[in-house]
Amino acid sequence: MTAYRSTADEAMIIELDPRGNPMLLEENLARSRMHEAEILARHDRLAHRLVVARRWQRLAAWAHRRAQSKSRAL
């Protein structure tokens, strides 16, 4: 038994996903937006890690300078 499909249904199907199932336009758009959001989140995490690393470097440099100045005072 075959399912009846109208031309409107055919217009909504734009490509096949890797498993071979037809993907509707809305599904493809949602998947694309999710992928873009994941990439943005990955970049944000990387930027945050960089900022945190620089902050710790500045703090370590300050602590080193302070320790040296206190050791000279003794």
Problem set entry | Single-linkage hydrophobic cluster Val52~Leu59, side-chain heavy atoms < 4.5 angstrom | yes
Exercise. In terms of hydrophobic clustering (I, L, V, M, F, W, Y; side-chain heavy atoms under 4.5 Å; direct or indirect links), are Trp56 and Trp62 co-clustered?
Worked result: yes
Exercise. Under the criterion side chain to side chain donor-acceptor pair (under 3.5 Å), which of Lys70, Arg66, Arg65, His64 is the partner of Gln68?
Worked result: His64
[atom2] on [Y] to [atom1] on [X], rounded to 0.5 Å:
| X | Y | atom1 | atom2 | value |
| --- | --- | --- | --- | --- |
| Leu40 | Arg45 | CG | CZ | 10.0 Å |
| Gln57 | Arg54 | CD | CZ | 8.5 Å |
| Arg55 | Leu50 | CZ | CG | 11.0 Å |

